[in-house]
Number of protein chains: 2
Amino acid sequence: MKPSMVTIEPNRHFCSDCAVRGSAVCSSLDAAELREFEHLGRRVHFDGSETVFSEEDITASFYNLLEGVMRLYKLLPDGRRQIVGFALPGDFLGMNISGRHNFSADAIGGVTVCQFAKAPFGRFIEDRPHLLRRINELAVRELSQARNHMVLLGRRSADEKVAAFLLGWRERLVSLKERSDTVPLPMSRQDIADYLGLTIETVSRTFTKLERHGVIEIIHGGVSLLDPAKVEALAAA
Amino acid sequence: MKPSMVTIEPNRHFCSDCAVRGSAVCSSLDAAELREFEHLGRRVHFDGSETVFSEEDITASFYNLLEGVMRLYKLLPDGRRQIVGFALPGDFLGMNISGRHNFSADAIGGVTVCQFAKAPFGRFIEDRPHLLRRINELAVRELSQARNHMVLLGRRSADEKVAAFLLGWRERLVSLKERSDTVPLPMSRQDIADYLGLTIETVSRTFTKLERHGVIEIIHGGVSLLDPAKVEALAAA
DNA sequence: AGAGCCGATTGACCCAGATCAATTTTGGCG
DNA sequence: CGCCAAAATTGATCTGGGTCAATCGGCTCT
C-alpha cells in the first residue's frame, strides 16, 4: 500500500446510506447486523494507479469496492500481463484459500473501498450463514464470468473480442447508472489489450475500423455505440 | 441425459467408504450427517462421451464426481469449443446462480457420479454452514484456477501452454495417485487443443517437438516426462 | 503560447500458429 | 487376420495479429 493511502473519517460513515448497500455483500444483512458490521469496515481512498494489494501478498483484508474502477491482473515473470477482470462498485475482493491474494489490484482513477481486517470479518461471518451464502453467490457469479472470459480469450477473433468487451462493459454499467449507448472507458487501451489477450495496436486498429464502418464513435473517455445491433452481431459471431 | 445412463444399486453404497470421502464436499460432514447425506445422493454411471448435462439446461441436480474424468466446455454458436476445465474425482459440479448450468459436461471414458437432486440438497445445506463453507472453498479454488487459465489463454505461447498443461495435469493427478513422471492423458488431442486455445495440429506438433528434443516421450495413452525440469522451464518462461 | 510527455494511432513488415491437405497410426470387429 | 473408421501426425501454405517504428494529439507546466 502506497503512502498516499488515506483513511477517510472512519467513524462518520454509515452502512445504511452506503452507495452499494443494495448490491454488495452487505445486502444480505438486516438493520441490526448492519449496525454491528459498520464497526468492522473502514473507508479508505486510493488515488489513480495506486496498488491496493498485490498477488502473493498475504491476505490481511477483504475489500468492498464503493466507488471507482479497479484493474485486477496477474503478471508473468517476464512482465506479460493478463487482466483477469475490472472491479466496479459493489464488487467484493480478497477471497482465497491459500491465504494469499491470487491477483493484484490497482485503482484506475480514484477509488474508495470499504476495508475489512480478515480476522474480525471471518469471525463476523462465522455465525451468519446468510452472509456466507451471499459471498458464495458472488463467487459463483464471478466463476461464471471467468468461464465466459476463457471462451473469449481462447476462441474469439480480435473483432469479436473488442465487440464483446464493449457490450459486456456496457452491461455491467447498467446496474450502476441508466443504460446508455455511450460507454465510458476509464481504463487505458493497454488495459483493454491486456484484458482481451491482444496488443495495444490491435485494440487501437479495431476501434478505428469499427469507427470507419460507422459502428461506433470514439469519443473522449469512451465510445458511443452508433449501431448497437451491429456490435452485438460482431460479438455473437 | 442419454439412455444408457444407469443408476447403480442406489442403496448399496455408503458414503463412509466412498473413494472421495476425504476430498469432496462431503469431507465437511461428520459421521451422523453422513448417514443422512447418504440418502440424498444416488450413484449414476455414464459411458464414455455421454453428456451428463448441457449448458443452458435448467439445473436439476448437483454432481459429485466419484470416478473417471469429465470435460467441461462451452460452445459458440458456430461450433467453436472452449474447454473450461477437466473434472476429476472429488470435484463438485452444478453450482450456479442463474438456475441453469453455465457449461456442458461430458464423460471422457466411463464416469461414476454421485447425483443430488437440487431441492433436497439445498435443504440439507440450509442449516449446515460448514457444508456451505466447504462448497465456497471449492468455488474459490476453482476461481483461482480459472484466473490462472486466463493468463495461459491470453498471454502464453503454444509451447508454454502445452508445457504448463502437462505440469498442471500431473499436479492434479498427484492427490489421486502417487506422483509420477508418467502422465496419463485420457482426453483426446482435440480436447487438449480446445482447452489450450490452440488447434489439434499445433498440439500434435508441439508434442512431437518436445519428444524430438528429448523432453517427453509420447507413450500409449499419455506422455512420460523425461526431463521434468525442462518442462517446468518451458512452462515458467 | 510553446515545450515536453504520454497515450493513442497508423504504417510496414513479419511470424506463430491456423488452415488445408495428405498420410499414418490405432483400435475395434467380423 | 484384414478391413474400416477415427484419431493423430506431418507437410505445405496462408494470414491474423504481433512487432517495430514513426507520428499524432491532448494535457500539463512554465
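First the proteins, then the strands, lettered A, B, ... as listed; each starts at 1.
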Check: dC6(C) base to Q190(A) side chain: any donor-acceptor pair below 3.5 Å?
Finding: no
Margin query: Under 3.5 Å, is there any donor-acceptor pair linking the side chain of R205(B) to the base of dT19(C)?
Written below: yes
Notebook entry, point to check: How would you label the contact of T208(B) with the nucleic acid (heavy atoms, under 4.0 Å): base, sugar-phosphate, or nothing?
Noted result: sugar-phosphate
Next item on the list: Give one of base, sugar-phosphate or nothing for G221(B), where a contact means two heavy atoms less than 4.0 Å apart.
Entry: nothing
Next item on the list: Give the nucleotide from the list dT9(D), dG18(D), dA8(C) with an atom nearest to the side chain of R189(A).
Entry: dA8(C)
OP1 or OP2 of [N] sitting under 4.0 Å from any side-chain N/O of [X]?
X	N	value
T202(A)	dG17(D)	no
H220(A)	dG25(D)	no
T199(B)	dT19(C)	no

Margin query: Restricting to non-hydrogen atoms, name the atom on R100(A) and the atom on E56(A) that form the minimum distance, rounded to 0.1 Å.
Written below: NH1-O, 2.7 Å
Item checked: Least distance between heavy atoms, V20(A) atom then G90(A) atom -> CG1-N, 3.5 Å
Checklist line | d(CD, E201(B); C1', dA18(C)) in whole Å | finding: 8 Å
Check: Separation of R155(A) atom CZ from dG16(D) atom P, in whole Å?
Finding: 16 Å
Next item on the list: Could you give me the CA-CA distance, side-chain angles and deciding distance for R147(B) and E142(A), then say whether salt bridge (Lys or Arg N to Asp or Glu O under 4.0 Å) is met?
Entry: CA-CA 10 Å; R147(B) 286 177 180 131; E142(A) 273 193 84; 2.7 Å; yes
